[in-house]
2 protein chains.
Amino acid sequence: MVTIVDVAKHAGVAPSTVSYVLTGKRPVSAETRLRVRESIRLLGYHPHAGARALASSRTNVLALVLPLREGVHLPVVMRFVTSVVTAAREHDMDVLLVTADQGAAGLRRVAVGARVDGFLVMDVGLDDERIPVLRELGRPAVLLGYPAAVKGLTCVDLDFGAAGARCVDHLAELGHRSIGFLGAPGVVYARNTGFAQRTLAGFSAAVMRRGIASTALPVEQRRDAVHAVVATLLRELPRMTALVVHNEAVLGWVVDCLRAAGRRVPDDVAVVAICPDELAEQLRLTSVELPSEVLGRRAVELLMAKLNGQQPPPLTLLPPNLSSRTGFAASAAG
Amino acid sequence: MVTIVDVAKHAGVAPSTVSYVLTGKRPVSAETRLRVRESIRLLGYHPHAGARALASSRTNVLALVLPLREGVHLPVVMRFVTSVVTAAREHDMDVLLVTADQGAAGLRRVAVGARVDGFLVMDVGLDDERIPVLRELGRPAVLLGYPAAVKGLTCVDLDFGAAGARCVDHLAELGHRSIGFLGAPGVVYARNTGFAQRTLAGFSAAVMRRGIASTALPVEQRRDAVHAVVATLLRELPRMTALVVHNEAVLGWVVDCLRAAGRRVPDDVAVVAICPDELAEQLRLTSVELPSEVLGRRAVELLMAKLNGQQPPPLTLLPPNLSSRTGFAASAAG
DNA sequence: GTGAAAGCGCTAACAA
DNA sequence: TTGTTAGCGCTTTCAC
């Protein structure tokens with residue numbers, strides 16, 4: 001194995017100099033730096049991660065804590081994971097996967113065992129049990145989603161409240177006066193999940209403010225359930241001309257069911273979705289983007305800031321971004 | 001920070017004894033072992049991963065190399081990831097995420113930097129560029145999917161050839177004499193991806209053997225494309241009474257399109273899918289399971305065997321498992 | 001069955 | 001601007 005001593009000998013310098021060339025923690029003359037770099041390349045030297053971690057108490061690894069439970073849309077998680085890994089690599093960081101089922105013990109294990117420098121925690125609920133543990137561990141952490149009290153934390157999220165309101169505003173400006181809302185499965189609301197409740201709250205406040213008629217319903221991820229709930233909505237809100245859908249898993253079925261019920265989309269019912277752009281693009285629906293990539297990147301950047309001793313604000317909310325898609329509706333079967 | 005020395009002092013033994021209690025690499029009297037365990041618990045001791053890696057040249061981390069490119073079904077990847085993490089934890093291993101876009105350099109970096117003990121590589125193609133790199137690195141690796149030449153490697157996969165044949169056998173036994181096949185997007189076949197080609201090969205050989213009429217077509221992941229391809233199939237194979245679908249992303253649409261074309265499923269056209277059980281269950285379709293969980297677990301076990309110096313066989317093929325679902329077809333819209 | 005002590009490869013304080 | 005060296009916390013050989 002090639003060690004730092006080998007490189008030092010080869011370049012005719014001290015081991016510490018090689019270290020400083022690598023970390024940049026102290027100035028090295030251009031000439032030596034070049035020579036050292038060349039030796040590193042020639043010998044194919046890669047610093048030993050463990051030795052580095054031991055000596056510097058920095059691992060250059062961050063823990064990504066994933067949910068993977070009912071109601072989370074897997075493609076969204078994957079997009080997020082990808083952007084986190086990519087952004088992390090740009091900061092010379094690797095990503096260790098911790099699944100939520102490992103729970104608080106898992107967090108403690110990787111933190112106390114000095115396996116990671118910090119945490120990225122996805123899918124944080126309004127009263128998340130992991131938060132006290134994270135506080136206790138005292139390791140830098142960034143949360144996706146946010147609990148009721150954000151003091152002393154660092155959280156990022158889409159501004160779901162604003163997203164719900166944005167959909168209403170858009171539809172209201174188009175003249176709609178009766179708007180339905182289809183949300184996540186009931187269990188998601190029962191679980192006190194921040195994003196679902198905040199979207200609904202934003203929607204409700206906006207329709208209230210404008211005096212628009214509305215009905216909101218949860219939707220399970222089964223085709224027959226979608227069929228039933230769409231029927232209910234059409235019955236309860238007979239003059240409905242627009243629909244906001246915050247449930248990417250059933251979005252396609254909702255459109256199918258509306259068409260099957262004789263409603264043209266978007267002519268009779270304008271559908272606005274809160275979902276990944278890709279999906280909305282595919283279904284040709286106006287939508288508020290679920291910016292997984294931006295969120296992942298931002299989360300990594302906030303974590304890096306904390307690792308560098310900075311104190312970012314407790315809550316970063318990304319403004320919603322509505323894309324109007326008024327082209328031809330893709331219609332096939334159904 | 002609590003170190004092994006603290007624990008040793010607290011228990012009144014030598015640091016090495018604590019180490020041996022933890023690793024089990026040499027017998028310790030029941031009495032001392034108990035005392036040490038108690039001290040560990042009391043002090044909340046977790047060994048420092050870096051120090052351990054440095055001293056033992058074992059990191060207890062495995063690298064999971066993920067694809068994340070066009071044509072891979074994200075939920076399947078996630079299921080696989082979950083089972084890998086779960087199985088790894090049962091062997092006291094953590095999982096480091098490496099995305100395929102980091103390429104060969106990424107593999108080299110984590111291997112030479114002694115960040116991981118071994119590799120799990122997903123979505124291996126018939127002529128995968130990462131294989132020579134893995135050979136060169138000499139680190140234990142297990143591949144999911146397999147290249148043309150498996151000599152000296154360790155590969156696991158579903159026996160896709162047998163899966164394709166199994167579908168035909170099942171349908172032939174039910175009396176079907178004209179069977180269609182809808183596969184992955186064209187690009188997947190062009191990329192020389194093992195699983196797609198092997199399924200098709202197994203299907204083709206089986207229909208040939210039985211003298212069954214058949215047509216096979218690739219399917220893109222757009223609704224209109226599905227509509228078109230189903231129309232083509234019904235035209236080309238007018239007496240078709242059964243259909244094998246190996247493309248989970250469009251499976252729902254295929255059923256929709258058949259029904260829209262006036263064919264009852266499964267009465268007029270019996271559909272057999274090769275897809276995750278969950279999806280088939282939801283659509284009430286007979287299917288050959290895509291056993292992500294089993295594959296992930298098996299892959300981890302093979303890797304652990306290699307890390308323990310064993311030499312598992314170069315190719316493990318899981319036999320296909322067909323579940324017949326002949327209950328009522330769920331019909332909603334369409 | 002247990003202890004003592006020599007490293008593992010690197011970083012960072014101290015020295016020049 | 002660069003070199004010297006003492007650890008970081010653990011494993012493992014050697015000795016008892």
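This is a predicted model, so every value here is computed, not measured. Letters A, B, ... are given to chains in the order of the sequence lines, protein chains preceding strands, and every chain is numbered from 1.
Considering only residues two or more places apart in sequence or on other chains, Arg297(A) meets the side chain to side chain donor-acceptor pair (under 3.5 Å) condition with Glu90(A). For Glu129(B), the side chain to side chain contact (heavy atoms under 4.5 Å, CB included) criterion is met by no residue, not counting sequence neighbours. Applying the ring-ring contact (aromatic ring centres under 6.0 Å, His included) test to Phe160(A) and every residue at least two apart in sequence or in another chain returns Phe195(A), His246(A). Residues satisfying the side chain to side chain contact (heavy atoms under 4.5 Å, CB included) criterion with Ser29(A), sequence neighbours excluded, are Glu31(A), Thr32(A).
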Name the atoms and distances for all side-chain donor-acceptor pairs under 3.5 Å in residues 298-305 of chain A, with sequence neighbours left out.
none

Identify all side-chain donor-acceptor contacts of residues 140-156 of chain B below 3.5 Å with residues at least two apart in sequence or on another chain.
{"from": "Tyr146(B)", "atom 1": "OH", "to": "Arg198(B)", "atom 2": "NE", "distance (Å)": "2.9"}
{"from": "Thr154(B)", "atom 1": "OG1", "to": "Lys306(B)", "atom 2": "NZ", "distance (Å)": "2.8"}

Tabulate below the donor-acceptor pairs under 3.5 Å that side-chain atoms of residues 107-117 of chain B make, not counting sequence neighbours, or state none.
{"from": "Arg108(B)", "atom 1": "NE", "to": "Glu136(B)", "atom 2": "OE2", "distance (Å)": "3.4"}
{"from": "Arg108(B)", "atom 1": "NH2", "to": "Glu136(B)", "atom 2": "OE1", "distance (Å)": "2.8"}
{"from": "Arg108(B)", "atom 1": "NH2", "to": "Glu136(B)", "atom 2": "OE2", "distance (Å)": "3.2"}
{"from": "Arg109(B)", "atom 1": "NH1", "to": "Asp94(A)", "atom 2": "OD2", "distance (Å)": "2.9"}
{"from": "Arg109(B)", "atom 1": "NH2", "to": "Asp94(A)", "atom 2": "OD1", "distance (Å)": "2.9"}
{"from": "Arg109(B)", "atom 1": "NH2", "to": "Gln102(B)", "atom 2": "OE1", "distance (Å)": "3.4"}
{"from": "Arg115(B)", "atom 1": "NE", "to": "Asp94(A)", "atom 2": "OD2", "distance (Å)": "3.3"}
{"from": "Asp117(B)", "atom 1": "OD1", "to": "Thr59(B)", "atom 2": "N", "distance (Å)": "2.8"}
{"from": "Asp117(B)", "atom 1": "OD1", "to": "Thr59(B)", "atom 2": "OG1", "distance (Å)": "3.0"}
{"from": "Asp117(B)", "atom 1": "OD2", "to": "Arg58(B)", "atom 2": "NH1", "distance (Å)": "3.4"}
{"from": "Asp117(B)", "atom 1": "OD2", "to": "Thr59(B)", "atom 2": "N", "distance (Å)": "3.2"}
{"from": "Asp117(B)", "atom 1": "OD2", "to": "Thr59(B)", "atom 2": "OG1", "distance (Å)": "3.4"}
{"from": "Asp117(B)", "atom 1": "OD2", "to": "Asn60(B)", "atom 2": "N", "distance (Å)": "2.7"}

Donor-acceptor pairs under 3.5 angstrom involving side-chain atoms of residues 9-18 of chain A: please list them, not counting sequence neighbours.
{"from": "His10(A)", "atom 1": "ND1", "to": "Ser39(A)", "atom 2": "OG", "distance (Å)": "2.8"}

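As rounded to whole Å, 15 Å separates atom P of dT2(D) from atom CD1 of Ile4(A). Lys9(B) has its NZ atom 15 Å from the C1' atom of dC10(D), to the nearest Å.
Residues Gly50(B) and Ala53(A) approach most closely at CA-CB, 4.4 Å, considering heavy atoms.
Scanning atom types as modelled, no donor and acceptor separated by under 3.5 angstrom connect the side chain of Ser16(A) and the base of dT2(D).
Heavy atoms of Gly113(B) sit nowhere under 4.0 angstrom from any nucleic acid atom.
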Show your working on salt bridge (Lys or Arg N to Asp or Glu O under 4.0 Å) between Glu38(A) and Arg35(A) and close with a plain yes or no. CA-CA 5 Å; Glu38(A) 184 62 6; Arg35(A) 224 173 47 248; over 6 Å; no

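Taking CE of Met78(B) as the start and OG of Ser83(B) as the end, the distance is 11.0 Å to the nearest 0.5 Å. Between Lys25(B) atom NZ and Tyr20(B) atom OH the span is 8.5 Å, to the nearest 0.5 Å. Atoms CG and CG, from Asp123(A) and Leu66(A) in turn, are 9.5 Å apart once rounded to the nearest 0.5 Å.
Taking a heavy-atom distance under 4.0 Å as the criterion, the stretch of DNA chain C touched by chain B extends 5' to 3' from dG1(C) to dG9(C).
Contact annotation: Lys25(B) side-chain N/O to dT12(D) OP1/OP2 distance is under 4.0 Å.
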Polar pairs (N or O, both sides) under 3.5 Å between protein and nucleotides 14-16 of chain D?
none

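You'll find that the side chain of Thr23(B) is closest to dT11(D), out of dT4(D), dG9(D), dT11(D).
Non-hydrogen atoms lying under 4.0 Å from DNA chain C are contributed by Thr32(B), Leu54(B), Ala55(B), all within residues 32-62 of chain B.
Recorded end-axis angle for the helix from dG1(C)-dC16(D) to dA16(C)-dT1(D) stands at 30°, based on five pairs per end and rounded to 10 degrees.
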